[in-house]
Each structure stands twice: as C-alpha cells, then as structure tokens.
Number of protein chains: 2
Amino acid sequence: MIRIENMYKIYNMGDNEVRALDGVSLHIGANEFVSIVGPSGSGKSTLMNMIGCLDTPTEGKYYIDGTEVSQMRDDQLAEIRNRKVGFIFQSYNLLGRLTVLENVELPLIYAGLAKNERRHLAKEALKKVGLEGREHHRPNQLSGGQQQRVAIARALVNKPSLILADEPTGALDSKTGEEIMQMLREIHQEGNTVVLITHDKEIAKNAKRMISIHDGKIFSDCEVKYA
Amino acid sequence: MIRIENMYKIYNMGDNEVRALDGVSLHIGANEFVSIVGPSGSGKSTLMNMIGCLDTPTEGKYYIDGTEVSQMRDDQLAEIRNRKVGFIFQSYNLLGRLTVLENVELPLIYAGLAKNERRHLAKEALKKVGLEGREHHRPNQLSGGQQQRVAIARALVNKPSLILADEPTGALDSKTGEEIMQMLREIHQEGNTVVLITHDKEIAKNAKRMISIHDGKIFSDCEVKYA
Ligand SMILES: Nc1ncnc2c1ncn2[C@@H]1O[C@H](COP(=O)(O)OP(=O)(O)OP(=O)(O)O)[C@@H](O)[C@H]1O
Ligand SMILES: Nc1ncnc2c1ncn2[C@@H]1O[C@H](COP(=O)(O)OP(=O)(O)OP(=O)(O)O)[C@@H](O)[C@H]1O
Ligand SMILES: [Mg+2]
Ligand SMILES: [Mg+2]
C-alpha cells in the first residue's frame, strides 16, 4: 500500500544542514497497525508528513498503491489528502476562527456531503470523543486535551482508510487516552491502516509493528509479540 | 507562600456555563514540589494561570507571600510575572517571528540585563536542553519536542523562584523527558517551588505532594510516600 525508497529530507540552513530524513526505505501494507517511535527531533513527524503527501522529499521515491506520488496530478494528490488520509497533527492545526463543529465538518465539505448530513456526522464524531455541548465554541475556549480531541474527531469523521496519528494522546489523561486508542483499534479492525507516532511505550504496544527512528534513519523494525 | 481561598472561575456561554474552577482552596508553601493531576478539561491549566497571575478569578482570593493579588499595583504584578515566576505553557507560546535565541532572551530583557550577558545566559540555557546549534532558527523550523524545550529554556533562564510547568514533557521521548525532570528536581533542591501539571503518573512521582482535580474541584491532596 505504501512504499518509500531511499528517501532524504535535507534542510540547508546557511552553513549547517539538518538531515531530517537520512536514507529511509519502508513498506507498509494494507490493514497494518504500525507505531513509529524515537527521540525528539529524530524525524518522525517529517516521515509522517511524507506519507500523508503534505511534504515532498529532497530525494527518493514514494509509491501509494503502486503509483509514484511525484508523478501524480494535483487532483489525485488532493483526493488522497482529503478522502483517503485522516491526519491527527502533533499541534492539532485547528482553524481558530471556525467553531469546533465547523472544524470537524471540514473533511466532509471536501467529500461533497450536504449540510445536514455533515452536521449530523460531525456532531456524532464530537460525541464520540466526549465533547458534546462544545460544538459552538472556538478552539481557544477549550483546554489542551479538548483541542486534541477536536483534531481527532476531524481526522476520523470521514472514515479514511489510512490514519496518520502524530502523538494523538499527548495531552490526554490515561483514561481519555485509552478511549482514543480503543477508537484506533476499532478502525484498524475494520480493515484500515493506522500509523501512530508516540513517545509512550504503553501506547506503542497497541500496534503490531514498531519502527524505531534515530537521526533520520530507521534503527529497527520489530514485530510486537506480546499483547 | 501561595494561598488560594474559595476560588471560582466560571465562563458564561449563552445558555450553558462552564465552571472551570468550582470552589478551590489551596496552600502551597516555599520550597515545595507539587504535582497537579486530573482528567482533560478538569481545570488544571486554569488553576495554574491563576497561580501565575495570568488570569483573574470570578470569585475568591489569592495571596502571594501574604499580599492579596487583586490589591496589587500593576507594577507589582508585572514584577511577579516577569521575575519571580517561570512559566512553561501547555502550548509553549513561543513568538514565531523571533529566533529561538531571542525567545529565550525575553525574560532577561525584563530583568534589565545587558545584551552580552543575556546572549550568554540564553545560549547556556539552550545548551542545557540539548538545542545548541539551533539558536538562529525560528520555532516553525523545529520539531514539536524541540519547541517544547525552547519553552523550557525560556522559563528557567531567569532562575525564578516559582516554576509553573504545564505538561513540560508532553512532547518528549522518555530519555529527554527524564533530563528535563532532572533539571526541575535540581531547581527544587536549590530552594525553589515547583508546581507541575502532568498526565503521566511516572512524571508525577517526582513531586512530594500530588493534588488531584476533577470538574474544577480538588478531589484529593496526598503526600507521596514512595520515591
Ligand atoms: N475561554 C474559555 N471559555 C470557555 N471555557 C473555557 C475557557 N477556557 C477554558 N475553558 C474550559 O474550562 C475547563 C477547564 O479548562 P483547563 O484548560 O483548565 O483544563 P485542563 O485540566 O488543563 O485540561 P487538559 O488536561 O485537557 O489540558 C474546560 O472545560 C475548558 O473547556
Ligand atoms: N522547516 C525546517 N527547517 C529546518 N529544520 C527542520 C524543519 N522542519 C523540521 N526540521 C528539523 O528536522 C528534524 C526532524 O524533525 P521532526 O519534526 O520530524 O522530529 P520528530 O521526531 O517529530 O520530533 P518530536 O518528537 O520532537 O516531535 C528536527 O531536527 C527538526 O528541527
Ligand atoms: Mg514530531
Ligand atoms: Mg491543560
């Protein structure tokens, strides 16, 4: 489903260079549940942005379902970003001037759904993450963990087949975090692919496979035996 | 050192009201190390903003070293915020148009230090959090955990006597997170007061006392026996 070959992402900053990805090759199949772990600054978010077609590499190839992404037309890329991938960003990326409900409806607008249908699905998604009653508030009226849950609801509302979750429980207490992980496990069981960046070893154990990144390189790629 | 009496923070939002703090009384002495835990949305950040004089309650009194905060002059409040308190915000609050170094220098400008001295102390603080070499970059060129570390360096550079840390290791891998906790333990051993909000039970164990918040009320206040 996803194949990355020899990918580099190098930032040139005056007289020093930052090698965010330094020769990464990776294959993720359909219906996998993969966690990506590694130290702060090691390249996890950069890798995820590449997988989600939000960034382009300095070098290397990226194939989705056999088609090379750099050869895709803009409308094909937009289709992938808006319909096939659900992205939970490390810093949420909510739109401050929209209400919580409008933020969650955004992917459904891209999907071309009618207003009533969008409103209904978005409300259901917010209920699922425990934010019923906060629909008409703005993001800056919510706590950190509540904002994270809006970002989660938005990523899942379109039922995408690939979920990219960058530290999805970072701002949540363990009970709420476990509810979110339960949602991701269900999405995986429904046949979808989940790629999860996390620092939390407990959270990482939800995945069947753990990829460890260090200084922009893949350090290890392990099958998780214990459950 | 810090005394809160019967504090309420109530947001009126049309026909529903949010009781962020719902009758909180609390006493924190000098040289304490306190952790504040509780579910997402329970009032932790709101309480910390009150302690740091960044917000005012709907009702209730707040005394710092015996003086009631609502009776203080603006310059006294500014003195507390800029010189006595170091604040690590849950969403970092870095200034996007300043470089990493300039962000860390900000508290030292308030302290009236000369340029060379500021530059030197800020560089030392960045080195301590492992960000040497990134001084002239902007926050959006850094990873999530690197941004958090800039926020930490900024909070500590002025050697304040009260550290308010809202999820200071949320975006950090366990090794980097432990380095930050070691810094906070040292600051506590030097005679300062540390108040730490965290969802991570392991991180909470660094404190001598754990206050548990639920729906804007203090649920329990425990002395931590194990180390
Ligand atoms: N400006 C505001 N207007 C309305 N409600 C607010 C506002 N700021 C905070 N709240 C609400 O007050 C409650 C407490 O918020 P607070 O940020 O203190 O929670 P928290 O315990 O820090 O949560 P988290 O662990 O998710 O960071 C939440 O329900 C939040 O939505
Ligand atoms: N626009 C940019 N310009 C320069 N360097 C960048 C830029 N974006 C990212 N980097 C650098 O690339 C490296 C990898 O960043 P990335 O965000 O992928 O790390 P990460 O593993 O997600 O870290 P964290 O766990 O802290 O979120 C870091 O050193 C970061 O500073
Ligand atoms: Mg990251
Ligand atoms: Mg908070």
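Below, chain A is the first sequence line, B the second, and so on; all start at residue 1.
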Please classify the contact between B/Val18 and chain A as side chain, backbone, both or neither, with a heavy-atom cut-off of under 4.5 Å. side chain
In terms of heavy-atom proximity below 4.5 Å to chain A, should B/His137 be classed as side chain, backbone, both, or neither? side chain
Side chain from CB out, backbone as N, CA, C, O: work out which of these in B/Gln141 comes under 4.5 Å of a heavy atom of chain A, or both, or neither. side chain
Relative to chain B, which of A/Gly14, A/Gly145, A/Gly170, A/Gly177 shows the most heavy atom pairs under 4.5 Å? A/Gly145
More than 12 non-hydrogen atoms from neighbouring residues, nucleotides or ligands closer than 6.0 Å to CG on B/Asn116, yes or no? no
Do you know which of B/Pro39, B/Ser174, B/Gly43, B/Ser91 has the most heavy-atom pairs with chain A at a distance under 4.5 angstrom? B/Pro39
Heavy-atom closest pair (A/Gln90 atom, B/Ala171 atom, distance to 0.1 Å) is NE2-CB, 4.2 Å
Would you find more than 12 non-hydrogen atoms of other residues, nucleotides or ligands less than 6.0 Å from B/Asn140 atom CG? yes
Among A/Gln147, A/Met13, A/Gln148, A/Lys44, the residue with the most heavy-atom pairs under 4.5 Å to chain B is A/Met13
In residues 122-135 of chain A, which residues are in contact with chain B at a heavy-atom separation under 4.5 Å? A/Gly133, A/Arg134
Inspect the surroundings of CG in B/Asp221 and state if more than 12 heavy atoms from other residues, nucleotides or ligands are less than 6.0 Å away. yes
Counting distance only, does the side-chain N/O of B/Asp173 pair as donor-acceptor with the main-chain N or O of A/His199 below 3.5 Å? no
Okay, B/Ser40 and chain A: the region with an atom under 4.5 Å from a heavy atom over there is both
